[in-house]
Amino acid sequence: MSKEDISLGKSKYANLALSTDMLIFSVSKGNAKTCRNLSEKYFSILLVKRTSEPFKDKWCLPGGFVEKSETLDMAAERILAKETNLHNIYKEQLYTFGEINRDPRMRVISTSYMALIDREQLKENLSDNASWFNIHVQEKENVLNVLLENEEEKIEYKLKKELVNKTTNQYKYEILENEKIGFDHTKIIITGISRMKNKVQDTDIIFNMMPEYFTLGELQQIYEVILDKKLLDPAFRRIIADKVEKTDKLVKTGGHRPSVLYKYKN
């Protein structure tokens, strides 16, 4: 590297920072409509409300800057443990977001991670500024209307999606409306939702959100809320035929006779 290159490097790259943002997905339970129904299930995401600028009082993904002594994976583990008090949870890199003005403080590049957890494992209450939100997405003419809601608040935003690579089915997103979410986290969230839908159909990733034992009805519900469509029983049974195994355990659900419990086939 020449002296000129070193000089340019000092002036151009000194204020560059690296962060990690976590999409923590799980399944939330609602109430059963009748005593004969299973409890409703919702695909949900953990958000935190910022207590300082920038974007004070806006909702964001859990995240933070990568420390000098950390790898990206180490930073993701630290943030995940801080928010959920859980360790060794399934996670994978989602995408790197590097638009120039995504953070008003300085140039910040974020490597986002997607983590999946079974909420039954959560033994401690969330911090006061963190909350689970159920996910609802509607699409019409390449415009996505996203609703994130819990019992206390609704967050709505709108994105336009544009196909950028047909061979890989890759899209880019433009924010059309957004009042309550900080940074570019609207884009990160929808990117993670899209990744989840693809991976649920092609992999066994969904079992990272399941307890050790479950009924087929519960499993089907979770497939349906993530894929956002109703699955016919025969089609669902074909999907999971080689993924689960029957146990000798039973559970009483609603007004039905006891249901057989299954587990993931490793």
Side-chain angles (χ1 to χ4, degrees), residues 16-28 42-50 53-63 92-116 131-150 152-203 205-206 223-230:
L16 182 68
L18 182 62
S19 68
T20 298
D21 292 304
M22 298 293 300
L23 293 100
I24 304 175
F25 288 130
S26 191
V27 174
S28 299
Y42 300 96
F43 187 32
S44 57
I45 187 170
L46 186 67
L47 299 179
V48 295
K49 181 173 282 190
R50 287 186 59 81
E53 297 293 351
F55 302 108
K56 187 175 184 294
D57 296 325
K58 302 286 186 181
W59 290 97
C60 296
L61 296 167
E92 66 175 61
Q93 280 192 25
L94 175 65
Y95 194 76
T96 297
F97 294 83
E99 292 187 10
I100 294 173
N101 297 317
R102 60 180 305 275
D103 190 313
R105 293 169 294 186
M106 66 181 86
R107 181 76 192 279
V108 178
I109 294 174
S110 173
T111 297
S112 58
Y113 279 77
M114 185 170 72
L116 309 181
S131 183
W132 289 101
F133 286 83
N134 298 333
I135 299 167
H136 309 278
V137 180
Q138 291 185 330
E139 180 176 349
K140 185 177 181 180
E141 297 178 349
N142 288 330
V143 173
L144 300 170
N145 291 283
V146 182
L147 170 64
L148 308 176
E149 65 174 347
N150 57 24
E152 299 178 351
E153 188 168 0
K154 289 185 178 181
I155 300 172
E156 296 182 77
Y157 65 90
K158 187 179 293 185
L159 297 165
K160 181 179 180 180
K161 76 174 189 178
E162 179 183 344
L163 185 66
V164 294
N165 191 321
K166 187 175 181 179
T167 61
T168 59
N169 200 33
Q170 181 182 358
Y171 289 87
K172 68 177 182 179
Y173 300 96
E174 175 188 353
I175 302 171
L176 300 179
E177 297 177 11
N178 173 45
E179 294 182 354
K180 293 187 175 182
I181 296 184
F183 302 100
D184 56 352
H185 291 187
T186 54
K187 297 180 181 180
I188 301 178
I189 291 169
I190 202 65
T191 302
I193 293 170
S194 178
R195 172 76 65 85
M196 271 297 297
K197 288 186 176 183
N198 290 333
K199 298 208 74 167
V200 162
Q201 297 179 84
D202 299 332
T203 72
I205 193 174
I206 199 169
Y223 268 93
E224 289 175 343
V225 297
I226 294 175
L227 295 175
D228 196 24
K229 64 180 181 181
K230 184 69 177 175

Please say whether more than 12 non-hydrogen atoms of neighbouring residues, nucleotides or ligands are located less than 6.0 Å from [atom1] in [X].
{"X": "Tyr171", "atom1": "OH", "answer": "yes"}
{"X": "Gln93", "atom1": "CD", "answer": "yes"}
{"X": "Asp202", "atom1": "CG", "answer": "yes"}
{"X": "Glu92", "atom1": "CD", "answer": "yes"}

For [X] against [Y], the heavy-atom pair lying closest together:
{"X": "Lys154", "Y": "Lys180", "result": "O-NZ, 2.9 Å"}
{"X": "Arg107", "Y": "Leu16", "result": "CG-CD1, 3.4 Å"}
{"X": "Ile181", "Y": "Asn178", "result": "O-ND2, 2.8 Å"}
{"X": "Leu176", "Y": "Val143", "result": "CD1-CG1, 4.2 Å"}
{"X": "Ile188", "Y": "Leu94", "result": "O-CD2, 3.9 Å"}
{"X": "Ser194", "Y": "Tyr173", "result": "CB-OH, 4.3 Å"}

Using modelled atom types only, decide if a donor and an acceptor are shared between the side chain of [X] and the backbone of [Y] within a distance under 3.5 Å.
{"X": "Tyr157", "Y": "Thr186", "value": "yes"}
{"X": "Arg195", "Y": "Lys199", "value": "no"}
{"X": "Ser112", "Y": "Asp21", "value": "no"}
{"X": "Lys58", "Y": "Phe183", "value": "no"}
{"X": "Ser44", "Y": "Ser26", "value": "yes"}
{"X": "Arg102", "Y": "His185", "value": "no"}
{"X": "His136", "Y": "Leu147", "value": "no"}

Worksheet item: Ser131 and Asn150: side-chain donor and acceptor closer than 3.5 Å?
Response: yes

Just how far is it from atom [atom1] of [X] to atom [atom2] of [Y], taken to the nearest 0.5 Å?
{"X": "Ile175", "Y": "Ile190", "atom1": "CD1", "atom2": "CD1", "result": "11.5 Å"}
{"X": "Gln201", "Y": "Thr203", "atom1": "CD", "atom2": "OG1", "result": "10.0 Å"}
{"X": "Met114", "Y": "Ile45", "atom1": "CE", "atom2": "CD1", "result": "10.5 Å"}
{"X": "Leu61", "Y": "Ile189", "atom1": "CG", "atom2": "CD1", "result": "4.5 Å"}
{"X": "Asn134", "Y": "Phe43", "atom1": "CG", "atom2": "CZ", "result": "10.5 Å"}
{"X": "Leu116", "Y": "Ile226", "atom1": "CG", "atom2": "CD1", "result": "7.5 Å"}

Discussion item. Quick one, Val200 with Tyr223, criterion side-chain contact (heavy atoms from CB on, under 4.5 Å). Give me CA distance, side-chain angles, the key distance, then yes/no.
Written reply: CA-CA 7 Å; Val200 162; Tyr223 268 93; 3.5 Å; yes

Worksheet item: Where do Met196 and Ile205 land on the side-chain contact (heavy atoms from CB on, under 4.5 Å) test, with the steps shown first?
Response: CA-CA 8 Å; Met196 271 297 297; Ile205 193 174; 4.2 Å; yes

Worksheet item: Can you say whether the rings of Trp59 and Phe133 are parallel (under 30°), tilted (30 to 60°) or perpendicular (over 60°)?
Response: perpendicular

Worksheet item: How would you list all residue pairs meeting salt bridge (Lys or Arg N to Asp or Glu O under 4.0 Å) that involve residues 133-146, not counting sequence neighbours?
Response: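 Pairs touching residues 133-146 that pass the test: Glu139-Lys161.
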
Fill in: Heavy-atom side-chain contact between Arg50 and Lys56 under 4.5 Å
no

Worksheet item: side-chain contact (heavy atoms from CB on, under 4.5 Å) between Ile135 and Leu148: does it pass, once the steps are laid out?
Response: CA-CA 5 Å; Ile135 299 167; Leu148 308 176; 3.9 Å; yes

